[in-house]
*Asks:* 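Following this message is one structure expressed as C-alpha cells.
A note on names: the letters A, B, ... follow the listed sequences, proteins ahead of strands, and every chain is numbered from 1. Remember, it's a predicted structure, so these values are computed and weren't measured experimentally.
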Amino acid sequence: TSDDVVFEDTLATSGSTRALEARVKEVAKQIAAEGKEQEQASLSTQVESRDPMKLEAELKTVRRKLESFHVTKYQPDPAVTTVQNIMLGKPFCLERYKSLKKKEDLLDCALEMGDGDAILAITLMIRRSLNHPKFLSVISSRPLAANHLINYMITRHEMNQVIDLLHALGRFHYAGVVAYRQATARGGIDDRIRKLKKLYHAQMSGHEDSNLVLEQINLLERVSPLLAAESQFADRQVSNLSSSVLQALGYLSTWYYGTPENNLYSPSALIKMHKLTRTQANWGMVRARASVLAWKDCESLLVGKGWMGGVKAKGEVDIMEMATVLHDAKCPPETLSLILQAVESPSDRLDLAKKLGVAKVVVDVMVAQKDRVALLGYRDSLTRSSEGWVYADHVINKANVKWKN
Amino acid sequence: MSSLEPDVVALVLLSRENLVTTLARIPGRKQLVLDTALMRPMDRVAGMSVLKSAGVETVVKQERGGIPPAPGNMIRVYMVTSNLIQAKFVADQISSSIVNNPDQHFHIILVPRNLASVQLLFEEEGLAGHVTFHDFSWEFIPLDFDLLSLEMHNFFRNQYLDQDHSGLVSVARAIWGIEKLYGQIPNLFAHGRHVKKILSLVNVFSLQYGQPKIKQPTFGSIFMFERDTDWVSCLLSPLTYEGLLDEVFGIHCGTVEFGQEVTGKEGTTKLQLSSKDKMFEKVRNKHFSSIFSVLGLTAKQLSAAQAAAQGMSVDQMKNFVQNDLRNMKAQSKAVALHIGASERIQKLKGRYFETQLPVEHSIIANYNYRDSMNYIKERMAQLAPANIALRLICLLSQCYDGIPQADFSVLKQQFVQAYGFQHLITWTNLTRLGVLKLKGTDNSKTNGGGGTGVVSQVAGMVTAGARGNNFQALVKKLNLIPDQGNNVNPTEPNNPGYVFNGAFTPLSCKVVHEIIKAKSQSSPEIGQLKEALKMVPGETILDLKNPDAPKVGLVLFVGGYTMAEVAALRWLQSV
C-alpha cells in the first residue's frame, strides 16, 4: 500500500562497486560450475603418438579397467563420499551398503559430519533394510539418529509407530506427551474425554503429568453437559468453560455465583475439585464479579474487619494489584477506597491512591501523617470544588489536628 | 559509511546471480509459485525485474487449495521452503493437476536446500517422474549496513527442539559465502555444541567450491555463539526502543507492521527499520525512558528542516526535489509512526513493567526467591498475559540452575490451570530445549543429545551462591551483573547492561569485549574467559591467528539474535 514507509539509498555508487561486482560474478561462476563433469577428451587426442603398439597397450588397459568396473559398480562408495554427496545435493545411492557394518559405518560417518538430512536419509534406509530388533539395536546407541527419525515420524503422522518406538527406546515421558498430543488434536469435547480416559489408563500410568491429565478429564466432564445449555446465551463466552480451569471459574462466577456445591454450575465446587489456592480462587471470583458490577461481592471477598475497627485484607491476593485491576474495571470510589484502606503500608497506600485518583484516601493518609504542606499541595492539584477538593479543604480548615508542618 | 566496513551489497548481488542461474536452468517461460514465507526475504534479494530477466513472467502466491493452471505454455515453477509440510501441499496440487493433464512436468526449487525426505515423499506419491528438483539458498541478507540475517525461520525449532540438524549445512554454506566474498577470516572464536561441526562443514564447501582467495580480508574476526549459550538474554525484557518494537509488534525481515492502534487508520502500514531512517538511527538503541524526549527533539528538527525548504532558490529546489524530498516525506511519516508506536508500547508494557522489572533483577541476582515465586503465581491467578509468567518461570530456572521439584510441579499445575492443559506440551518442549529444568537433573538427559550438565545436590530452598549453580558461577567470573551502585544513566550508558535496565550484560557482548581487549591468545584474561565458558553448554574454540587483522568483527548467532544483544554489541563499538 502507498502508506508503507520505505527509505531509498541516498549514497551514490562508487567506483569500488565495479570491483565488487566483478568479485561477485567470479564467485557465482564457481558455484554454478560445481558439479559439471570435466569434458572427456577423445582417446586419440590423449595418446601422443599413433604408434599401433602403444595404442594396443592402451586398449588392453582400458578393457581391463572396464571389466573391473563391471565388478565394482555395485560396490558402495566410501562413506565420506556418500555423506558429502547428500550434503552437497549431488546424486547418491544408499542401497549399496549391504552389510551391517557398512550401514553402521555410514550412519556414524553422517553423525560425525553433522548433516541432519544425511542422518535421516541413512536412518530411513537402515529402517527399511533391517529387521526391527536389529534396527532398534542400531539406533538405541545413536540417540541423535533416533531423534531425527522420531521427528520425521511425527511429521508424517506415523503416530502409533512412533509411540512404540519411543517406548522401545525408554523415552517414556515423551511417549506420553506424543500420545497426549494425538488424543487432544481433534474432535469435540466428548471425543476428547473418551480419548483422554483411554490415555490416562494406558500410556500415562506413572507418568509425571498423569495428575494433570486427570484434572483435564474432570474439567471436561464437568462442563460438557453445560455447554449445550449455555450456548443459547448469545452474549456469553461459552468457550471459556472448556479453555482452562481459571477461565471456567471466571465464567461460572460471572453467571452462577453462589450456586450450591452439589450443582455442576457451582464455582465453589470447581474450586474444591481442582484444589485451587485462595489466591487463584479469589482472583477468579473478584474479576468475574467486577465484570457484572457486583462490587459488594468483591468487597466481601477481599476485605474484612481488622482489629481496632479498621479494614484488613483477607483474600490472600496482592491487594495493590487488585486495587489497580478494580480501578481499571471502573469500580465505584467507595469500593476502591475500602480496598485501598487494606493496603498496610501508609506510603504504599498514599502512592497508589494518588495514582488511582482516590482523593479521600490520599487526604486521610496525609492527615494521619500530619503533613499539612503535602495536603495543601494535593488540594491545589485537584479541580476546585470537586468532591476531593472539598474534602481536602474541609480537613485543612479543621482545627483539631496537630500538624507537623 | 567508512571504508573499513564491508559493502554488504555484494551479498545481495551474489544471491541474485545464484537465483538467476538456478532459474535459467529451467528452459522457457515460467510461472513462479512462491511460498508466502519466502516473500519478504525474496523482496530483499530480487525484485520483479530480476525475475523477468530469468524468464519468469508471473509470480503467484502459493495457496493451500488449488491454484489456477499456468497460462499458455508456461512452465510452473514452485519455490517453497524445504520441509515436508510445504512439500505435501505441493505434491497434492501436482497430483490433482496431472489427473487432467498427465504429460505435465513441474519444477520445484527448494529453499535453502534439497532434502532427501522431500524427494522420498514425492517418490512415494508416484510423482518423481513429474518433477525436477532444484535448490537455491540466498547468502546472508543485509537488513541494515551492519545487520545480516539468513532468514531461516524454522532453523531454531528444527535444530534445538526437534533435533533436526539439516540446517547446519545451510549455515556453513552461508559462512563460506561470506569468506569467499570478503576473504578468509583469520581470527576465530566459537562456542556451542555444534560449532565444531559447522566449521568442518564450511571446509567441505571450501573443498568443493573453492577456497577463499582474497589476500586482504575485510573481516578480522568471527565470533560464533549458539543460541542455547545464553537463554537469559532472550528471557529478560529488553529496554531499548528497537527491542521493545520487536517485543510488542514483531520485526520481520527488518520490517515492522503497525495496525490501527498505532496509525489510527484501518489496515496495516509497514515500516522498514534501518539506519536509512535517520531518526530511527538516533533512537533505536536508546533506553525507552529517554524515548519521548528524543522523539520530540527530532520531530522539531524535522519541522525546522521542512520550514527551511520554503526559502530555497530554484537550483537548490531542483536538487532538493531530486535527492531529498522523497526521503523527507518518508521521514515525516516514519516519525509519526514511531510516536504512535512508542505510545502503544507505553500503554501495553507500562502496565506490568513497574513491578516486573525489579522481579527480573532479583531473579538474576538470586535473591528473594519466595517473592519471585509469589509474583509469578499472582500473575497466573489474575490471568495476566501468559508469556509474562512463562518467561519469568524460565528465567528462574536458568538463574537458579533449575527449579526444585515441588515448586516445579506447583508452577506447572497453576500454569495449565490458568492458560489451558494444552500447555503440558509447551512445558515439555521447554524442558526438551533445556530452558526449563528440574533442579538436580543432568542437562544431557534432555533430548538425548550431548551436553555438559552439573548434578546439583541442593533440594528445596535455594540460597544465593549455592554450590553447583553454573549460572551464578558464570555471572561472577565474567562480571555479568553491572555494579548496581554505579547508576546506569539511560541516556549515556556506560555499561552495555543498560539494554536490560542494568540487570545483566549479554554474554556475547562480554565475551567479544574480552577477546578484543586481549593482547594474545595465551593471556591470563583469556584463560579466565575459557574457564568461565566451561559453565556454558558446548565447547569453546579459540584461534586468534593474526593480532593485526582488520578491526572489523562478525558476530554470528546460530539460532537467532535479540535486538537487545544487537544494541549491546553496537554500544561496544563506542568504547
*Asks:* Salt bridge check, A:Lys355 against B:Glu354: does any charged N sit closer than 4.0 Å to a carboxylate O?
*Replies:*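 Salt bridge: yes.
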*Asks:* Under a 4.5 Å cutoff for heavy-atom pairs, which residue among B:Leu115, B:Val20, B:Leu337, B:Thr21 has the most contacts with chain A?
*Replies:* B:Leu115
*Asks:* Step by step, work out the side chain to side chain contact (heavy atoms under 4.5 Å, CB included) result for A:Val286 and B:Gln382.
*Replies:* CA-CA 10 Å; A:Val286 170; B:Gln382 71 175 116; over 6 Å; no
*Asks:* With only heavy atoms counted, which part of B:Lys196 is less than 4.5 Å from chain A, the side chain, the backbone, both or neither?
*Replies:*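 Contact with chain A: none, neither part.
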*Asks:* Indicate whether the side chain of B:Gln208 and that of A:Gln84 have a donor and an acceptor atom separated by less than 3.5 Å.
*Replies:* no
*Asks:* Any salt bridge between A:Glu26 and B:Lys213, counting N to O under 4.0 Å?
*Replies:*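 Salt bridge between A:Glu26 and B:Lys213, a charged N being under 4.0 Å from a carboxylate O: no.
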*Asks:* For B:Arg173, which atoms come within 4.5 Å of any heavy atom of chain A: side chain, backbone, both, or neither?
*Replies:* side chain
*Asks:* B:Tyr209 and A:Ile31: which non-hydrogen atoms are nearest, and at how many Å?
*Replies:*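 Looking at all heavy atoms of both residues, the closest pair is CE2-O, 4.2 Å.
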*Asks:* Apply side-chain hydrogen bond (donor to acceptor under 3.5 Å, both in side chains) to B:His423 and list each qualifying residue two or more places apart in sequence or on a separate chain.
*Replies:*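 Applying side-chain hydrogen bond (donor to acceptor under 3.5 Å, both in side chains) to B:His423 gives B:Thr426.
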*Asks:* Taking side chain as everything from C-beta outward and backbone as N, CA, C, O, which of these in B:Gln159 sits under 4.5 Å from a heavy atom of chain A? Side chain, backbone, both or neither.
*Replies:*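 Neither the backbone nor the side chain of B:Gln159 comes within 4.5 Å of chain A.
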*Asks:* If I measure from the heavy atoms of chain A, does B:Tyr182 come under 4.5 Å with its side chain, its backbone, both, or neither?
*Replies:*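 Both parts, heavy atoms under 4.5 Å.
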*Asks:* Please look at B:Leu168 and chain A and tell me whether the side chain, the backbone, both or neither of the residue comes under 4.5 angstrom of a heavy atom of that chain.
*Replies:*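 Contact with chain A: side chain only.
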*Asks:* Picking from B:Leu121, B:Leu11, B:Ile198, which has the most non-hydrogen pairs under 4.5 angstrom with chain A?
*Replies:* B:Leu121
*Asks:* Measure distances from B:Val416 to the heavy atoms of chain A and classify the residue's part below 4.5 Å as side chain, backbone, both or neither.
*Replies:* both
*Asks:* For B:Phe408, which atoms come within 4.5 Å of any heavy atom of chain A: side chain, backbone, both, or neither?
*Replies:* side chain
*Asks:* Please flag which part of B:Gln405 lies under 4.5 Å from any non-hydrogen atom of chain A: side chain, backbone, both or neither.
*Replies:* neither
*Asks:* Where do A:Tyr180 and B:Phe421 come nearest, in terms of heavy atoms and distance?
*Replies:* OH-O, 3.1 Å
*Asks:* Not counting sequence neighbours, which residues clear salt bridge (charged side-chain N to carboxylate O under 4.0 Å, His left out) with A:Asp328? List them please.
*Replies:*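 If we apply the salt bridge (charged side-chain N to carboxylate O under 4.0 Å, His left out) test to A:Asp328, skipping adjacent residues, the hits are B:Arg351.
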*Asks:* Check B:Thr268 against A:Asp4 and note the closest heavy-atom contact, atom names and distance.
*Replies:* O-OD1, 4.2 Å
*Asks:* Could you tell me whether A:Glu316 and B:Lys377 make a salt bridge, using a distance below 4.0 angstrom between a side-chain N and a carboxylate O?
*Replies:* no
*Asks:* Among B:Leu383, B:Leu207, B:Ile85, single out the residue with the greatest number of heavy-atom pairs under 4.5 Å to chain A.
*Replies:* B:Leu383
*Asks:* Where does B:Ile214 contact chain A at under 4.5 Å (heavy atoms): side chain, backbone, both or neither?
*Replies:* side chain
*Asks:* So, the side chain of B:Arg113 versus the backbone of A:Gly89: is there a donor-acceptor pair under 3.5 Å, distance only?
*Replies:* no
